[in-house]
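Throughout, residue positions are numbered sequentially from 1 according to the sequence presented. Each ligand, and each atom within it, is numbered from 1 in the order the structure gives. When reading the values below, keep in mind they use all heavy atoms of this one structure, side chains included, and skip hydrogens, waters and symmetry mates. All figures in this text were calculated on a predicted structure; none of them were measured in a lab.
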Amino acid sequence: MLEVKDMVVAYGRVNAVKGITFEVGAGQIVTMLGTNGAGKSTTLRAISGLLKLVSGEIWFEGERLDGVAAHRVVQRGIAQSPEGRRLFPKMSVEDNLRLGAYARKDPSGVKKDMDNVYDLFPVLGERRQQPAGLFSGGEQQMLAIGRAMMSRPKLLMLDEPSMGLSPIMTQTIMRTIRELRDEGVTILLVEQNAQAALSLADKGYVLEVGQIMFSDSGRNLLGDDRVKRAYLGAD
Ligand SMILES: Nc1ncnc2c1ncn2[C@@H]1O[C@H](COP(=O)(O)OP(=O)(O)OP(=O)(O)O)[C@@H](O)[C@H]1O
Ligand SMILES: [Mg+2]
């Protein structure tokens, strides 16, 4: 479904992503692990059309995606829940969700998906008229994920969705991700919580300083000594 080939992305003259190649198959959950500054968010931003490639290619459903403007990327069926949330703090929960659906032309479907988000995250439903900025960090994270779901994407990219969440809420988010996959949404999941992410993932890639060091099935990576040492806190 998504193919990234030899992708290089830079900020000014500094390459943050140094020629990475990876694939996400339709219906899969693929996770990307990496230490701080490895280039994970940069990779997602490039796929979303927010950053230009220095070189390389991105293909989505057999068509070229790099060079496509960000709003068109959304129309092609890709949504991103960005790191650090990027909500509109003065707008209500409901209006933030509506913005996630701005490109859609099926009001009844939008309504249904909004009710879905409220079912998933009841706190958002109960306080739907309140400004997003009043919510706790974890609650805003739920809203950011909800907003990304509102475009009804084929490919949902989540940048550290468990960040700032309690262990219980992290479990809820991970269960939600699995449910979305079961409904046919393909997921690209960036996480620091390697245990949770790899338990879900069909496949994982480990990124270090802008390069993919290795990749394997989620199950194999969970048992991999390098992953255990670097991400699971084992000696
Ligand atoms: N806007 C920017 N301008 C300049 N350099 C940047 C910018 N954003 C990121 N970088 C640099 O690019 C590299 C990759 O950053 P990126 O945010 O992609 O890392 P990450 O893997 O998402 O890290 P984290 O786990 O901390 O979120 C880092 O060295 C970072 O300092
Ligand atoms: Mg990041």
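For the pair Glu139 and Arg127, the salt-bridge criterion is met [side-chain N within less than 4.0 Å of a carboxylate O]. Taking the charged nitrogens against the carboxylate oxygens, Lys52 and Asp66 have no contact shorter than 4.0 Å, which rules out a salt bridge. The pair Asp113-Lys111 does not meet the salt-bridge criterion, since no charged nitrogen lies less than 4.0 angstrom from a carboxylate oxygen.
Close contacts of ligand 1 with Gln192, meaning ligand atoms under 4.0 Å from a residue heavy atom, involve 25 (O). Counting atoms of ligand 1 from 1 in the listed order, those under 4.0 Å from a heavy atom of Ala38 are 19 (O), 20 (P), 21 (O). Residue Thr42 has at least one heavy-atom neighbour below 4.0 Å for each of these atoms of ligand 1: 14 (C), 15 (O), 16 (P), 18 (O). Set against the non-hydrogen atoms of Asn36, the atoms of ligand 1 under 4.0 Å away are 23 (O), 24 (P), 25 (O), 26 (O). Interface of Ser41 with ligand 1, defined as ligand atoms under 4.0 Å from a residue heavy atom, comprises 17 (O), 18 (O), 20 (P), 22 (O), 27 (O).
The Mg ion (ligand 2) has an N, O or S atom of Ser41 under 2.8 Å away, backbone or side chain.
Among all protein heavy atoms, the one lying closest to atom 25 (O) of ligand 1 is Lys40 NZ, 2.7 Å. Counting only heavy atoms of the protein, atom 9 (C) of ligand 1 lies nearest to Tyr11 CE1, 3.3 Å. At the shortest separation from atom 14 (C) of ligand 1 among protein heavy atoms lies Gly37 O, 3.4 Å. Among protein heavy atoms, atom 27 (O) of ligand 1 sits closest to Glu83 OE2, 2.7 Å.
Under the 4.0 Å distance rule, the nearest protein heavy atom to atom 17 (O) of ligand 1 falls inside the cut-off. Protein heavy atoms are absent from the space less than 4.0 angstrom from atom 30 (C) of ligand 1.
Linking Ile, Leu, Val, Met, Phe, Trp and Tyr whenever their side-chain heavy atoms come within less than 4.5 Å leaves Ile173 and Met157 in two separate clusters. Tyr11 and Leu207 fall within the same hydrophobic cluster, defined by Ile, Leu, Val, Met, Phe, Trp and Tyr side-chain heavy atoms under 4.5 Å apart, directly or through other members.
No donor-acceptor pair closer than 3.5 Å links the side chain of Asn220 to the backbone N or O of Asp216.
Ligand 1 has Gly39 within reach: a non-hydrogen atom of the residue lies less than 4.0 Å from it.
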Taking only distance into account, with no hydrogens and no angle test, what donor-acceptor pairs under 3.5 Å do side-chain atoms of residues 29-40 form with protein atoms, sequence neighbours excluded?
from: Thr31; atom 1: OG1; to: Leu189; atom 2: O; distance (Å): 2.9
from: Lys40; atom 1: NZ; to: Gly34; atom 2: O; distance (Å): 2.9
from: Lys40; atom 1: NZ; to: Thr35; atom 2: O; distance (Å): 3.1

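A heavy-atom distance below 4.5 Å is found between the side chains of Phe60 and Ile78. Proximity of His71 to Tyr102: side-chain heavy atoms (C-beta onward) are separated by under 4.5 Å at one or more points.
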